[in-house]
Amino acid sequence: MPACRTGAWLGCRPPFQMTSRSSAGMGELLMMQDWQMRYAENMRNYEGYSIGKLLSLINDPAIISLAGGLPSPEVFLQSEFRRATRERLDRDIDGIMQYSAVRGEAELIDAVVAFLIRDGIHAAPENIMVTTSGQQGLDLVGRLLLDPGDTVAVERPTFAGALAAFQMQRPAYLGIDLESDGLNIGELEEVLARCTTSGHMPKFIYVIPDFQNPSGVSMSLDKRSALLDLSERYHIPVVEDSPYRALRYRGAQLPSLFSLDQQQGGGRVIGVYTFSKLFCPGMRVGFNIGPPEVIDKMTNIKEGSTLNTPKYNQGMCAAFLTEVDLDAYFERCRAFYSKKMEVLLNALEANFPPERGIGWTQPEGGMFLWVSAPETVDTRKLFHEALKFKVAFVPGEAFYGERPEQHHMRVNFSYPSEAQLRDATGRLSDCLERQGV
Ligand SMILES: Cc1ncc(COP(=O)(O)O)c(C=O)c1O
């Protein structure tokens, strides 16, 4: 039943103010509701996902956008998708049009179990729940673990979408600097020791160890082990967000935190996965992995939000995992994206000699790199200047839980063409030159 029906609103006195004109239409009546005072406290000053707002400003088709985080449609498996759709509609249209299991379809969960084995993770079906994408996976984690005022330790910078998801619980953030090989473990250790003294420990540590969004940085093996040691020593769970693990273009693959933790007995890591970057974001399907009791609890929360993830979408992901030659497909994606990354890195090299004071990360995979300008440059202002040069990026400020820095930008290379990546870098260079950089 809706929480408040129109009739109930009409019965309300304050804060509903009736208009003096009896002919007022319903639209006008609704306008007079003082909604602001009805909002939940943590929503009053909430202005939404900052990146979404910026993206809406990029509406000129002449702009080359390095701002998004989209996979390229050039690697989408469109004919396989059509075939699997036809086959599944023929086989089970009744089921597809029906409600389905909240924790996820057994077919997909079994396929995920097999997918994880490829990555050294030995999970039982009870360790897995299907989510309506990675973003829901993060929301469930936040809702399960956080009370207002709790603290989360996050990388500086970190994924803005995770901050948006956790924001619903109004946590405070402890930002731990990101280095070229991942989280500054020494700093984390100091912070945790300080928290022990103050008695206010973070509820969990949120990290993206592989080709992090926004920086492209990966966590070294030593740091992965050290992080798990700290997690054990201080009894703080780790949330490992892994959308990009299969997209490594350079260097040797490193074990996930989840698999390393399993080798030590397990139980301290919750894994958040999505099919958005490996298959396609349009299906909005992902999965969380963790101890069965945690999965059960998150399933309870899902009952009150999306209930079940659409069966058709789950079926498409199951078909992706079981009917596609994943080795060959991931190899194709890696070759495709790795070329784009090299084009962008070369273009940066060519446009920004060291004396210009521009630096950037050297990712080993993923979809992003992090460009740092001299501290005098405010990339929020630069963003608007850059639009005049027909190029866009995301100002770095969006990616900080605390102590935001203004002189960085997130740059995406997965979606623009190679020619666009070259042109966009030239335009960014011209724009920065105009700023005296
Ligand atoms: C680190 C990280 N986590 C989670 C997500 C959310 O994924 P989804 O699009 O499946 O909601 C993204 C998407 O960009 C991401 O980069």
Side-chain angles (χ1 to χ4, degrees), residues 49-52 54-55 65-73 76 104 108 112 115 129-143 152 154-168 178 182-183 204-219 238-248 256-258 269-289 298 302 305-306 309-310 313-314 316-317 320-321 333 337 361 363 365-370 393-394 396 398-401 410-415:
Y49 189 32
S50 54
I51 297 184
L54 283 179
L55 295 181
S65 177
L66 308 178
L70 277 58
S72 171
F76 285 168
L108 179 57
V112 165
F115 175 67
M129 73 176 292
V130 173
T131 58
T132 307
S133 89
Q135 199 60 41
Q136 185 184 40
L138 292 168
D139 179 51
L140 293 175
V141 167
R143 292 216 259 163
V152 185
V154 295
E155 294 160 316
R156 286 184 75 246
T158 187
F159 174 48
L163 298 176
F166 302 151
Q167 178 62 27
M168 298 301 128
L178 197 64
L183 204 62
F204 61 90
I205 305 167
Y206 168 71
V207 288
I208 310 152
D210 296 288
F211 328 121
Q212 197 233 28
N213 179 358
S215 66
V217 161
S218 296
M219 195 184 293
V238 174
V239 175
E240 177 181 37
D241 192 3
S242 289
Y244 307 101
R245 260 187 78 71
L247 298 177
R248 175 176 281 281
S256 65
L257 290 170
F258 197 94
V269 179
I270 297 175
V272 177
Y273 287 76
T274 171
F275 289 104
S276 293
K277 313 296 177 164
L278 303 182
F279 177 37
C280 65
M283 287 294 97
R284 311 307 297 137
V285 179
F287 58 94
N288 282 5
I289 57 177
M298 288 192 290
K302 191 183 169 195
S305 58
T306 52
T309 303
N313 304 34
Q314 294 189 58
M316 287 298 106
C317 291
F320 168 69
L321 292 181
C333 293
Y337 288 131
T361 51
M367 298 189 167
F368 305 101
L369 55 82
W370 189 240
F393 55 83
V394 182
F399 300 97
Y400 289 84
R410 187 191 75 176
V411 168
N412 165 261
F413 57 81
S414 56
Y415 189 76

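In each ligand, atom 1 is the first atom listed, and ligand 1 is the first ligand listed. Computed from a predicted structure; not experimentally measured.
For Phe399 and Phe368, the distance between ring centers is not under 6.0 angstrom. Between Phe115 and Tyr273, the ring center distance fails the sub-6.0 Å criterion.
When only modelled atom types and interatomic distance are considered, Lys302 and Thr132 share no side-chain donor-acceptor pair under 3.5 Å.
Note that the CG atom of Leu247 and the CG atom of Leu278 stand 5.5 Å from one another [nearest 0.5 Å].
Surrounding OH of Tyr337 are more than 12 heavy atoms belonging to other residues, nucleotides or ligands, all under 6.0 Å away.
At a heavy-atom distance under 4.0 Å, only side-chain atoms of Arg284, from C-beta outward, approach ligand 1.
The two residues Ser72 and Tyr415 come nearest to each other via the heavy atoms CA-CD1, 4.4 Å.
Of the protein's non-hydrogen atoms, Gln135 N, 3.7 Å is the one closest to atom 6 (C) of ligand 1. Nearest protein heavy-atom contact of atom 1 (C) of ligand 1 is Asp241 OD2, 3.2 Å.
Here salt bridge (charged side-chain N to carboxylate O under 4.0 Å, His left out) pairs that include residues 274-289, with residues two or more places apart or in two chains, number zero.
Taking a cut-off of under 4.0 Å to the non-hydrogen atoms of Thr274, the atoms of ligand 1 that pass are 7 (O), 8 (P), 10 (O). Short contacts between ligand 1 and Ile208, defined as distances under 4.0 Å to a heavy atom of the residue, involve ligand atoms 1 (C). Each of the atoms 8 (P), 9 (O), 10 (O) of ligand 1 lies under 4.0 Å from some heavy atom of Ser276. The distance from ligand 1 to the heavy atoms of Lys277 drops below 4.0 Å at these ligand atoms: 13 (C), 14 (O).
Checking Phe368, Phe159, Tyr244 against atom 16 (O) of ligand 1, the nearest heavy atom belongs to Tyr244.
For the pair Pro243 and ligand 1, a heavy-atom separation below 4.0 Å is found.
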